[in-house]
Amino acid sequence: MAERYDPKAIEARWQQVWADERTWEVANETAPGVERSYVLEMLPYPSGEPHMGHLKCYSIGDAIAHFRRRRGMRVLHPMGYDAFGLPAENHAIKTGQHPRDSTAESIAEFKRQFLEWGISIDWTREFGTHEPRYYRWTQWIFLRLLERGLAYRQEAAVNWCPKDQTVLANEQVVDGRCERCGTPVEARQLEQWFLKITDYADRLLDDLATVEWPEHVVTMQRNWIGRSEGAQVVFRCDALGADYPIFTTRPDTLFGATFFVMAPEHPDVIRLVEGTEREAEVRDYVNRAVRESAEERGAEAREKTGVPLGRTVTNPVNGEEIPIFVADYVLMEYGTGAIMAVPAHDERDFEFARRFGLPVRRVIDCEGELPCTGDGAMVNGGRFDGRHNREAFAQIVEWLESEGRGRPAVNYKLRDWLVSRQRYWGCPIPVVHCDRCGLVPVPDEDLPVELPDVEDYAPRGRSPLAAAEDWVRVPCPRCGEEARRETDTMDTFVDSSWYFLRYCDALNDTAAWDRAVVDAWMPVDQYIGGVEHAILHLMYARFFVKALADIGLVGFQEPFARLFTQGMITREGSKMSKSRGNVISPRDYVDRYGADTARCYILYIGPPDQDADWSDEGVGGIHRFLARLWRIASDVAERAPGAAAGAAPSPLLRKAHWAIDKVTSDLGERFAFNTAIAAVIELVNDAYRYREELVAGGEATAADLRFAVATAGSLIFPFAPHLGAEVYELMTGRRVWEEPWPEADPALLVAEEVELVVQVNGKLRDRVRAPAGAAEEEQERLARESPRVAAQLDGSDVVKTVVVPGKLVNFVVR
RNA sequence: GCGGCGGUGGCGGAACUGGCAUACGCGAUGGACUCAAAAUCCAUUGCCCGCAAGGGCUUGUGGGUUCGAAUCCCACCCGCCGCACCA
């Protein structure tokens, strides 16, 4: 028997057992009546080695997986790697090392550490998204989307990152900068591949009601989709004989429109001034606006600018001619790129009107100064005067519709997903460009289109793949004439939008998955990851599942039934980063204290959904606790089990059942791992005190002590699986993961005697002991008997007595 | 500006349904063991007054509801995150 807690030896031993016996592998077939559960942590991007965020994520997921297994469920808990992406490619540009090789090294390191952490993974289902056996199916899905018109190629103004030399999706532009590298993005007019996520806007919005997700994530998605209801209204420009539709959420304010504004990118701006004396000034303004970065244009507190076009449009509700302006506060990407401006009831229009001395006309009698956006009776609104604006809202739209000048309309902030990237290390888009046939999909049987090796990874504004001439030149699959392959690769978010489906049927080499298999496992019962993916990954994956459901490939609408978002691990109060020099690695602590300590500490540190600051002193505390547990277990193992417990249940036995109850609810319902671990610490502390008593020859029994320590091992197992298994084996000779999760005996959860709090006027004056089931009168009598309480009550009138059975007595005195 | 989250001892945090504020851990102090140290074990530890018995105060601030508020309501302050000229 070892003299001290040796996590290295214990952890190596159990990891060997789990690997040899393939303990965590799970079959797709299941006996009837066995409940399934799919527990999944977000796919890691393998770069260098895992960091604290990974440790936290997998510690949470593993605890849940273990808990569910021991509650009798068949648990799918797989692992893989999101292995395509820019960091590996940038590394290749710097060093010349093939991204495949550096990625393989990172994956090996990740896997080595995951095994060292003792995470219970079914490794038979492992894959990397960069492996042809995986991306073959990414391409296959892309072709299915293409067939349905959900993937299309179009020229559009797109976000271009000059540093990464590639286009970006809207979601990857944050504050006008590239989400990856922080470089301000530029607008470029380019032909690119898009996925038609906007077709699903309403369903993506509505189905948020069907998932159990944190409210803030739901809110973020809702905002991102940005659905607004209103109307499309057509304004006519008689001079050119052109109609300009606008979108508004406030058709009730149409009578207050005093001017009209177009975005600088609006295709008709120049046409409206061509050959007029305003042309030079307008061209100048447009050129300046278009050149400005998204960041400059979106800057807050920026003065409104604009130029009149010297033209007018007709307001369809009152026939007024109102002037047209071009101004950069109107965005081409939203609505129709033109707006009606109602300065009385819109702050932005008001600001503009003020700068340009334009009339402001109140049309709603809302409270407060102008501009006001509230409700009220209509004024200056012709035959609608006097009606409430909300009522007039629909009536005006109806009237416009009958005149052919408008209709109800819905607008979204969500844009289609731009998926092509001019980079090397990604999944090739399986399409061929043929001069005769146009875009021709690569036939399914020719998949995968494998990524060729190239000499030079450096991006030059086009994909490095374009230089692989032998690869690019192919016969057209349709006509057989010479054609060229698409050289762009896919956004890596495409890879991660369906990986959770592949895990269900990872070894299938004749299909992406078998629908029956996927339908049996999906949706993911518990998904765990960082909140930074609240929009990107989670929205894309939801879109994929809905599209795949429409195609008939899956039989459900949402991928992730329950989502848990973990908080960040910080260091000295700030985010860990190389530039701050405050990065610490899980490896440092696993080497020094063992995986069980690192895992328990990261969960003990605070509520898992909140940010938490890593402290080296704190780790020591948890390590001490685990060592205490091991020490008392090895001590108890050497004692004879002793006779059965005495007649009355010992306090330690009650404590053990209390801990079972506490850990069960904290783990199963609340995700409160910190308090669950605290409960096990309390149990172990009590076991130490109880052992003192046993040694001193009191009423304590060795059997109760053994039971308590075994219970501590069993309860700590989801958090510290190696030590949990070790302690449980020492106490019982059995394997803890083969044992059902313990159940608390309700009879032992209620104490025989309770402590009553006695208050006088709400202030605590004493505590008295009372039998558990004592009547209210009995409790009041016992409370009055307390000398301290009696002293307080002496000489005053008790006006009222409040008795909370089993808890407290409060005397209200005058 | 809009939306969300949060503010409790020296520190991380607990208090789940309005009923003992400060569980558990860290740190600190004292003691045992030791030649000594480490490790370990035991005890104390919200603040103030007091020799003590005891008393008073305390959950960002100010009000309110209640026998009773960290918890509910109103007003406000501070911090973090997301969105932001989206018509």
Side-chain angles (χ1 to χ4, degrees), chain A residues 3-4 174-175 214-220 222-224 226-228 230 246-250 253 261 263 297-302 304 327-331 333-342 345-349 351-352 411-415 531-532 534-535 567-568 573 600-601 604-607 609-622 624-625 627-628 631 662 665-666 669-670 672 674-682 684-685 688-689 692 755-764 766-767 788 791 799-804 806-813:
Chain A
E3 285 303 305
R4 42 184 296 159
V174 177
D175 293 332
E215 196 46 49
H216 67 281
V217 176
V218 170
T219 305
M220 281 164 79
R222 207 172 267 143
N223 291 344
W224 189 261
R227 181 191 152 102
S228 340
I246 57 107
F247 173 75
T248 178
T249 53
R250 296 293 305 273
T253 65
V261 190
R297 238 173 110 168
E300 65 181 305
R302 184 182 145 107
K304 296 249 179 310
D328 67 3
Y329 81 93
V330 173
L331 309 173
E333 310 90 80
Y334 187 77
T336 62
I339 62 157
M340 66 163 184
V342 183
H345 304 292
D346 183 284
E347 283 176 34
R348 298 151 301 179
D349 298 343
E351 204 191 310
F352 191 85
N411 231 299
Y412 301 90
K413 231 184 77 172
L414 184 71
R415 304 263 68 93
V531 73
E532 65 273 18
I535 295 173
M568 232 184 357
C600 282
Y601 178 64
Y604 183 69
I605 191 167
D609 54 334
Q610 281 169 34
D611 291 351
D613 204 59
W614 183 277
S615 124
D616 286 351
E617 289 77 30
V619 195
I622 282 294
R624 261 196 295 280
F625 154 64
R628 269 163 74 79
R631 215 176 303 116
K662 175 83 178 144
S665 62
D666 283 356
E669 294 148 33
R670 300 201 317 141
N674 52 336
T675 51
I677 293 169
V680 185
I681 296 176
E682 283 193 54
V684 171
N685 288 347
Y688 267 78
R689 278 187 277 271
E692 294 280 299
E755 198 173 36
L756 288 181
V757 168
V758 187
Q759 299 178 335
V760 176
N761 282 345
K763 275 193 201 297
L764 176 77
D766 203 4
R767 293 163 223 259
R788 293 163 77 174
V799 188
K800 188 179 177 182
T801 308
V802 182
V803 180
V804 181
K807 280 199 171 148
L808 126 168
V809 179
N810 185 16
F811 297 104
V812 184
V813 302

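Because only heavy atoms are used, hydrogens play no part in the values below, and waters and symmetry mates are left out as well, while side chains stay in. Not measured: the values here are computed from a predicted model. Naming: A, B, ... by sequence-line order, numbering from 1 per chain.
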- Task: Tell me what A:V799 touches on the nucleic acid: a base, only sugar-phosphate, or nothing, going by heavy atoms under 4.0 Å.
- Result: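 Result for A:V799 = nothing.
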
Give me, pair by pair, the N or O atoms of the protein and of nucleotides 53-56 of chain B that are less than 3.5 Å apart, along with how far apart they are.
unit_1 : atom_1 : unit_2 : atom_2 : d
B:rG56 : OP2    : A:R765 : NH1    : 3.3

- Any chance CD of A:E347 has more than 12 other-residue heavy atoms, nucleotides or ligands included, within less than 6.0 Å? no

- Task: Keeping the roles fixed (side chain from A:D766, backbone from A:V758), state whether a donor-acceptor pair exists under 3.5 Å.
- Result: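 Judged by distance alone, no pair lies under 3.5 Å.
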
- Task: Remember a base hit wins even if backbone is also touched, and classify A:D666 as base, sugar-phosphate or nothing at under 4.0 Å, heavy atoms.
- Result: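 No contact at all - A:D666 keeps every heavy atom at 4.0 Å or more from the nucleic acid.
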
- Partner nucleotide of B:rA15 by Watson-Crick or wobble geometry (both distances under 3.5 Å):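 Answer to the pairing question: none, since B:rA15 forms no Watson-Crick or G-U pair.
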
- Query: For B:rA23, which nucleotide is its Watson-Crick or G-U wobble mate, given both distances must be under 3.5 Å?
  - Reply: none

- Answer with yes or no whether the side chains of A:Y601 and A:D616 bring together a donor and an acceptor at under 3.5 Å. no

- Query: Rounded to the Å, how far apart are A:D613 CG and B:rG79 C1'?
  - Reply: 15 Å

- Message: Students often get this wrong, so: under 4.0 angstrom with heavy atoms, is A:L331 touching a base, only sugar-phosphate, or nothing?
- Response: base

- Message: Any base atoms under 4.0 Å from A:S615, or only sugar-phosphate, or nothing? Heavy atoms, all strands.
- Response: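 If one applies the 4.0 Å heavy-atom cut-off, A:S615 turns out to touch nothing in the nucleic acid.
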
- Can you tell me the Watson-Crick or wobble partner of B:rA32, both distances under 3.5 angstrom? B:rU40

- Query: For RNA chain B, whose closest nucleotide is more 5', that of A:N674 or that of A:Y329?
  - Reply: A:N674

- Query: Is the phosphate of B:rC26, meaning OP1 or OP2, less than 4.0 Å from a side-chain N or O of A:R624?
  - Reply: yes

- Heavy atoms under 4.0 Å, any strand shown: does A:V812 hit a base, just sugar-phosphate, or nothing?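 If one applies the 4.0 Å heavy-atom cut-off, A:V812 turns out to touch the sugar-phosphate alone, with no base involved.
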
- Round to the nearest Å and state the distance from A:E532 atom CD to B:rG82 atom C1'.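 After rounding, the reported distance stands at 13 Å.
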
- Query: Within the side chain of A:D611, is there an N or O that forms a donor-acceptor pair under 3.5 Å with the backbone of A:M568?
  - Reply: yes

- By nearest-nucleotide position on RNA chain B, the 5'-leaning member of A:A627 and A:L808 is A:L808

- Contact letters for nucleotides 1-10 of chain B, in which S counts primed atoms plus P, OP1 and OP2 and B counts the base, heavy atoms under 4.0 Å: --SS------

- Side-chain N,O (A:R689) to OP1/OP2 (B:rC41) below 4.0 Å: no

- Axial cation check for A:F352 ring with A:K304, 6.0 Å and 45° limits: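 Cation-pi check for A:K304 and A:F352: fails.
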
- Task: Name the nucleic acid region contacted by A:Q759, choosing base, sugar-phosphate or nothing; use a 4.0 angstrom heavy-atom cut-off, strictly under.
- Result: base

- Task: Please determine if a side-chain N or O atom of A:R628 lies less than 4.0 Å away from the OP1 or OP2 oxygen of B:rC41.
- Result: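 The answer is yes; a side-chain N or O of A:R628 sits under 4.0 Å from OP1 or OP2.
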
- Nucleotide forming a Watson-Crick or wobble pair with B:rC2, both distances under 3.5 Å: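 When the pairing criteria are applied, B:rG82 turns out to be the nucleotide that pairs with B:rC2.
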
- Tell me what A:G226 touches on the nucleic acid: a base, only sugar-phosphate, or nothing, going by heavy atoms under 4.0 Å. nothing

- Below 3.5 Å, does any donor atom in the side chain of A:Y604 face an acceptor in the base of B:rC24, or the other way round?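 Such a pair exists between side chain and base.
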
- Taking OP1 and OP2 of B:rA15, is either one under 4.0 Å from a side-chain nitrogen or oxygen of A:R670? yes

- Message: Does A:S228 reach a base, just sugar-phosphate, or nothing at all? Heavy atoms under 4.0 Å.
- Response: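 The answer is sugar-phosphate, as A:S228 gets under 4.0 Å only of primed atoms, P, OP1 or OP2.
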
- Would you classify A:N810 as touching base, sugar-phosphate or nothing, given that sugar-phosphate means primed atoms plus P, OP1 and OP2, and contacts are heavy atoms under 4.0 Å? base

- Does B:rU66 have a Watson-Crick or wobble mate here (both distances under 3.5 Å), and if so which one?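 B:rU66 is unpaired by these criteria.
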
- Query: A:I339 near the nucleic acid: base, sugar-phosphate alone, or nothing, with a heavy-atom cut-off under 4.0 Å?
  - Reply: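 Base contact.
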
